J.: 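One structure, as C-alpha cells, below. Some questions next.
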Amino acid sequence: MYSRVQRDACIACGLCQLCAPELFNYDAEGIAYYRPDHNQGTTPIPPEQLTAFKQAYRQCPTGAIKRQTQPFPPADKKSTTHLL
Ligand code: SF4
C-alpha cells in the first residue's frame, strides 16, 4: 500500500500526525505530507504502520490522504519540491 497527501485538500487539522507520526508530518504552514518519501507516494507503508495508517486515513476530515496499491505517478513540483 502506498500513500500521498493531496495537499491542496489538507486543512492542517493535525489528526493524521497524531494517529501516525511515523507516516505524516507537516510543512511550515501545517500542511501534511507523507513522511517516508516526502509525499512522492513511491515508498510503501511499512507493514507495522498499517494500523496507524488506517486510523489516519479514516479520520482525515477532507479525504486528503490518498492510498493505492501501486506507487503514485511522479508528483507535480508544487506538491513536493519544497519538502525535499
Ligand atoms: S488529517 Fe487530513 S486534513 Fe488533517 S492534517 Fe492530515 S491530511 Fe490534512
Side-chain angles (χ1 to χ4, degrees):
M1 186 74 72
Y2 297 83
S3 182
R4 177 191 277 175
V5 176
Q6 183 188 332
R7 289 168 50 78
D8 60 2
C10 174
I11 58 170
C13 73
L15 282 174
C16 57
Q17 209 267 343
L18 285 175
C19 293
E22 300 293 321
L23 298 178
F24 297 101
N25 203 353
Y26 305 112
D27 66 12
E29 297 177 346
I31 303 300
Y33 62 91
Y34 179 65
R35 190 172 183 177
D37 59 16
H38 297 279
N39 218 41
Q40 298 285 332
T42 55
T43 299
I45 300 165
E48 68 275 13
Q49 291 292 325
L50 280 173
T51 299
F53 172 79
K54 287 175 185 171
Q55 287 184 333
Y57 180 85
R58 290 189 187 121
Q59 292 200 36
C60 177
T62 65
I65 298 173
K66 303 303 178 186
R67 66 176 184 178
Q68 60 184 46
T69 55
Q70 299 296 320
F72 283 78
D76 63 60
K77 289 185 178 178
K78 183 180 170 191
S79 297
T80 57
T81 299
H82 66 296
L83 300 172
L84 300 175

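As the structure is a prediction and not an experimental result, all values here were calculated from the model. Whatever order the structure lists them in is the order used to number ligands and atoms, beginning at 1.
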J.: Listed by chain and number, what are the side chain to side chain contact (heavy atoms under 4.5 Å, CB included) partners of Gln17, not counting sequence neighbours?
T.: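 If we apply the side chain to side chain contact (heavy atoms under 4.5 Å, CB included) test to Gln17, skipping adjacent residues, the hits are Pro21, Tyr26.
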
J.: Are there any protein N/O/S atoms under 2.8 Å from atom 8 (Fe) of ligand 1, and if so, which?
T.: Cys10 SG

J.: Cluster partners of Tyr2, using ILVMFWY side-chain heavy atoms under 4.5 angstrom, listed by chain and number?
T.: Phe72

J.: Check the angle between the aromatic planes of Tyr34 and Phe24 and answer parallel, tilted or perpendicular using the 30° and 60° thresholds.
T.: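 Geometry flag for Phe24 against Tyr34: perpendicular rings.
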
J.: Just wondering, more than 12 heavy atoms not from Glu29 lying within 6.0 Å of its CD?
T.: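 No, the 6.0 Å shell around CD holds no more than 12 heavy atoms from other groups.
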
J.: Name every donor-acceptor pair, under 3.5 Å, that has one atom in a side chain of residues 55-65 and the other anywhere in the protein, sequence neighbours excluded.
T.:
residue: Thr62; atom: OG1; partner: Ala9; partner atom: O; Å: 2.8
residue: Thr62; atom: OG1; partner: Ala64; partner atom: N; Å: 3.4

J.: Where is the tightest heavy-atom contact between Tyr33 and Arg7, given as atom of each residue plus distance?
T.: CB-NH1, 3.9 Å

